[in-house]
There are 2 protein chains.
Amino acid sequence: MPEVDEIDHHVLRLLREDGRRTFSEMADKVGLSVAAVKRRVDRLRDIGVITGFTVQIDYARLGWGIEAFTELRYPGTTPVADIVRTTVDVPEVQEVFTIAGDPDAMIHVRARDLGHLQQVIDRLRRAGDVTGTKTLLVLGSWTHETAPKA
Amino acid sequence: MPEVDEIDHHVLRLLREDGRRTFSEMADKVGLSVAAVKRRVDRLRDIGVITGFTVQIDYARLGWGIEAFTELRYPGTTPVADIVRTTVDVPEVQEVFTIAGDPDAMIHVRARDLGHLQQVIDRLRRAGDVTGTKTLLVLGSWTHETAPKA
DNA sequence: ATTGAAAAGGCTTCGAC
DNA sequence: GTCGAAGCCTTTTCAAT
């Protein structure tokens, strides 16, 4: 198993705050040389701790103001692979989580408006052998590192 | 409101795939000069479409193998600000979503193991005036690699 | 095994157009 | 929007701890 020390955690914290930080800036903050920091980041990627880098987007400002979680129920015979296949293909579905117990899965959905959300849910209900859905409409969201979102 | 054109969406898609892509690589892909791409990214930050950049981490490889969503119920008199305050301060709580209807909020939680998760839920139940919780244990997760298109 | 230093090349940034 | 130049960053190599 990978050995991840204090400095690695410090580097990860810095990259969580700003994924485009330069190696030289991080080197100053953690007290190592630029090359040493780069080697650690490369190693964290190699051992699978870092899976990638991405941009954080305010989808409401792109006209996708609706965010929801939908709980999905399936017959006991439905394989997990089928659940994932019939949900992850829907472009509005951002994430799919399979769940222990009830419900069987939960999906994170974004839509332009409530009508669009309804279309997405209708499509999901017809896809595969969904037996029931319950949608939780998100009013606001907060995280540790970012400011409140509309 | 901001004008976000096709090229902006292309740039956003490229940064979603890899948040550390260079401006010169993106310039090649979208068919503009390096300076033009940098100017667009700067502008997307200025108008609030891009809220930041971050690293993607496999928390299971850091020893945080448990992931769950917990639905929280509160008395009708509890202000949203109180809900957020009593949850976002818990380090294991990654995200807080306030919800229209029932439940009142949902939180995304990470923990080292099931005992740790139980401690976190117990702490939440004692904090504030929570009237009930329901925890959905995540077995697996999948993400849609491409952003929604306008 | 991990580090620091240095050099070459690439990238970012900014002003000018 | 493009171009170009200066400076900074990334990446690799090599020697030392």
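Below, read A as the first sequence line, B as the second, and so on, with proteins coming before strands; counting in each chain starts at 1.
Note on Arg110(A) versus Glu67(A): salt bridge recorded, some NZ/NE/NH1/NH2 to OD/OE distance being below 4.0 Å. A salt bridge links Arg40(A) with Asp5(A): the closest approach of a Lys/Arg side-chain nitrogen to an acidic carboxylate oxygen falls below 4.0 angstrom. Comment: Arg85(A) does not engage Asp89(A) in a salt bridge, judged by the lack of any side-chain N to carboxylate O separation of less than 4.0 angstrom.
Distance Glu25(A) CD to dT12(C) P: 15 Å, rounded to the nearest Å. Regarding Lys38(A), its NZ atom lies at a distance of 15 Å from the P atom of dT2(C), rounded to whole Å. The nearest whole Å value for the distance from the CD atom in Glu3(A) to the C1' atom in dT2(C) is 13 Å. With rounding to whole Å, Phe53(A) atom CZ is found 11 Å from dT10(D) atom P. Rounding to whole angstrom units, CE of residue Met26(B) and C1' of dC11(C) are separated by 11 Å. Whole-Å rounding puts the Asp18(A) CG to dC9(D) P distance at 13 Å. Protein atom CG of Asp28(B) is 13 Å distant from nucleotide atom C1' of dG10(C), rounded to whole Å. Atom CZ in Arg43(B) sits roughly 19 Å away from atom C1' in dT13(C) (whole-Å rounding).
Taking 4.5 Å as the limit, some side-chain heavy atom of Leu124(B) sits within range of a side-chain heavy atom of Ile107(B). Residues Lys134(A) and Asp102(B) are in side-chain contact: their nearest non-hydrogen atoms beyond the backbone lie under 4.5 Å apart. Residues Leu62(B) and His9(A) are in side-chain contact: their nearest non-hydrogen atoms beyond the backbone lie under 4.5 Å apart.
Here Ala36(A) lies in heavy-atom contact (under 4.0 Å) with sugar-phosphate atoms only.
Applying the side chain to side chain contact (heavy atoms under 4.5 Å, CB included) rule to Thr133(A) yields the partners Thr70(A), Leu72(A), Ile121(A), Arg125(A), Val130(A); only residues at least two apart in sequence or on another chain are considered.
For the pair Thr22(A) and Arg39(B), both in contact range of DNA chain D, the more 5′-proximal nearest nucleotide belongs to Arg39(B). With the nearest nucleotide of DNA chain C identified for both Gly31(A) and Arg20(A), Gly31(A) has the one nearer the 5' end.
Comparing the local axis fitted to the first five base pairs of the helix from dA1(C)-dT17(D) to dC17(C)-dG1(D) with the one fitted to its last five gives a bend of 30°, rounded to 10°.
Here the side chain of Ser24(A) is nearest to one of dG1(D), dT3(C), dT10(D), namely dT10(D). In the set dT11(D), dT12(C), dT3(C), dT11(D) carries the atom at the smallest distance from any side-chain atom of Phe23(A).
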